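Structure, as C-alpha cells:
Computed from heavy atoms alone, side chains included, the values below leave out hydrogens, waters and symmetry copies. Note that the coordinates shown come from a computational prediction; the quantities given were computed from them, not determined experimentally.
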Amino acid sequence: GVWRQTRALLFKNCLIKCRTKKSSVQEVLFPLFFLFWLILMSMMHPHRKYDEVANTNLGTLDTSMLVNFIIGYTPPTRMVREIMKKVAFDNFEDGIITEEYLSEEELQEASAFKPSNFVGVVFSDAMSYQLRFHDSVAMSSIYTESR
C-alpha cells in the first residue's frame, strides 16, 4: 500500500518536472541567483572593524560655556533627583542649575520661555532618557547601532 503510493507519487512528480523544464530550471536557478547577489553585496560593503583606542587624558572640561546653564528634568522621582544631583555637583565645581518639573508638558512650556541655554531631560526609567532642546528632541546614545 504505502510503498506503491509513494512510488506512484514520485513518478508523477518526475513526469511533471520533465514536462515543465522551464519552471523546474527556474526553481533551481533563482535561489542560486539570489544567493550570489547577497554574497556580492556583502563583499561590496564589508563590515569595518575598528582598532581599540587607547585611554587618553582629554584634559579638563571648559566650563566657561556652562555659565548660567539650566537643566530641567522630569519626572521628579527619588532616583532621578539623585542622578541630577550627581550631574550638577559631582562633575562641575560651581554646579549647574537644575529645575524639577512635575510633567513633560511643564518642561516643554519652560523650555519655550527660557533662553537658549536650557536643556530638558525626560527620564523614561532610571536607565533611559531623552534630551529636549529648545526646538528638538535628541535620543540617548545607548540605542545607537551601527549599520
Side-chain angles (χ1 to χ4, degrees), residues 1-63 65-66 69-88 90-92 96-147:
V2 174
W3 172 245
R4 190 172 9 183
Q5 287 179 349
T6 305
R7 200 172 63 197
L9 185 61
L10 284 173
F11 183 70
K12 179 185 134 195
N13 286 339
C14 287
L15 283 177
I16 291 173
K17 292 296 178 190
C18 290
R19 291 178 184 163
T20 57
K21 289 181 179 152
K22 183 178 177 182
S23 66
S24 300
V25 169
Q26 287 176 352
E27 284 180 13
V28 172
L29 291 182
F30 276 158
L32 292 175
F33 171 75
F34 289 125
L35 179 65
F36 172 74
W37 185 255
L38 285 172
I39 292 171
L40 182 67
M41 293 301 291
S42 68
M43 288 172 47
M44 289 174 61
H45 300 286
H47 294 288
R48 291 189 178 101
K49 298 200 187 249
Y50 296 102
D51 294 333
E52 184 176 323
V53 177
N55 290 339
T56 306
N57 185 5
L58 298 176
T60 59
L61 178 65
D62 182 18
T63 57
M65 295 179 62
L66 301 176
F69 198 73
I70 303 168
I71 299 178
Y73 63 91
T74 189
T77 61
R78 185 183 60 79
M79 180 65 82
V80 170
R81 285 186 188 113
E82 289 177 19
I83 292 171
M84 294 310 293
K85 188 187 300 182
K86 193 173 237 357
V87 166
D90 291 356
N91 298 323
F92 305 101
I96 294 178
I97 301 168
T98 58
E99 296 178 355
E100 182 178 291
Y101 294 95
L102 296 175
S103 67
E104 192 173 339
E105 290 78 24
E106 284 185 28
L107 181 77
Q108 287 176 345
E109 286 179 19
S111 69
F113 294 117
K114 302 274 182 174
S116 61
N117 61 348
F118 181 84
V119 173
V121 182
V122 179
F123 285 87
S124 304
D125 54 38
M127 297 301 289
S128 59
Y129 60 90
Q130 288 183 343
L131 296 177
R132 301 216 180 244
F133 296 98
H134 183 61
D135 55 359
S136 64
V137 175
M139 297 295 288
S140 70
S141 62
I142 294 172
Y143 301 108
T144 304
E145 296 179 4
S146 66
R147 291 185 180 186

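Note that CG of L38 is 11.0 Å distant from CZ of F36, once rounded to the nearest 0.5 Å. Atoms CG and CG, on L40 and L35 in that order, are 11.5 Å from each other to the nearest 0.5 Å. Here I39 contributes atom CD1 and M44 contributes atom CE; the two are 14.0 Å apart, rounded to the nearest 0.5 Å.
By the salt bridge (charged side-chain N to carboxylate O under 4.0 Å, His left out) test, R4 pairs with no residue at all, sequence neighbours left out. Under the rule for a side-chain contact (heavy atoms from CB on, under 4.5 Å), the partners of V122 that lie at least two apart in sequence or sit in another chain are T74, E104, L107, R132.
Between F33 and W37, the ring-plane angle classifies as parallel under the 30° and 60° cut-offs. Classification of the F118-Y101 ring pair by plane angle, with boundaries at 30° and 60°, yields perpendicular.
Using a cut-off of 4.0 Å between Lys/Arg side-chain N and Asp/Glu carboxylate O, E82 and R78 are scored as salt-bridged.
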Next on the checklist: Evaluate Y73 against E99 for side-chain hydrogen bond (donor to acceptor under 3.5 Å, both in side chains), listing each step before the verdict.
Outcome noted: CA-CA 6 Å; Y73 63 91; E99 296 178 355; over 6 Å; no

Next on the checklist: side-chain contact (heavy atoms from CB on, under 4.5 Å) for I70 and V119? Distances and angles first, verdict last.
Outcome noted: CA-CA 6 Å; I70 303 168; V119 173; over 6 Å; no

Item to check | Worked check of side-chain contact (heavy atoms from CB on, under 4.5 Å) between I83 and Y129 | outcome: CA-CA 12 Å; I83 292 171; Y129 60 90; over 6 Å; no

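Nearest heavy-atom pair across I71 and M84 is CG2-CE, 3.2 Å. Heavy atoms only, all atoms of each residue included: R81 and P76 are closest at NH2-O, 3.2 Å.
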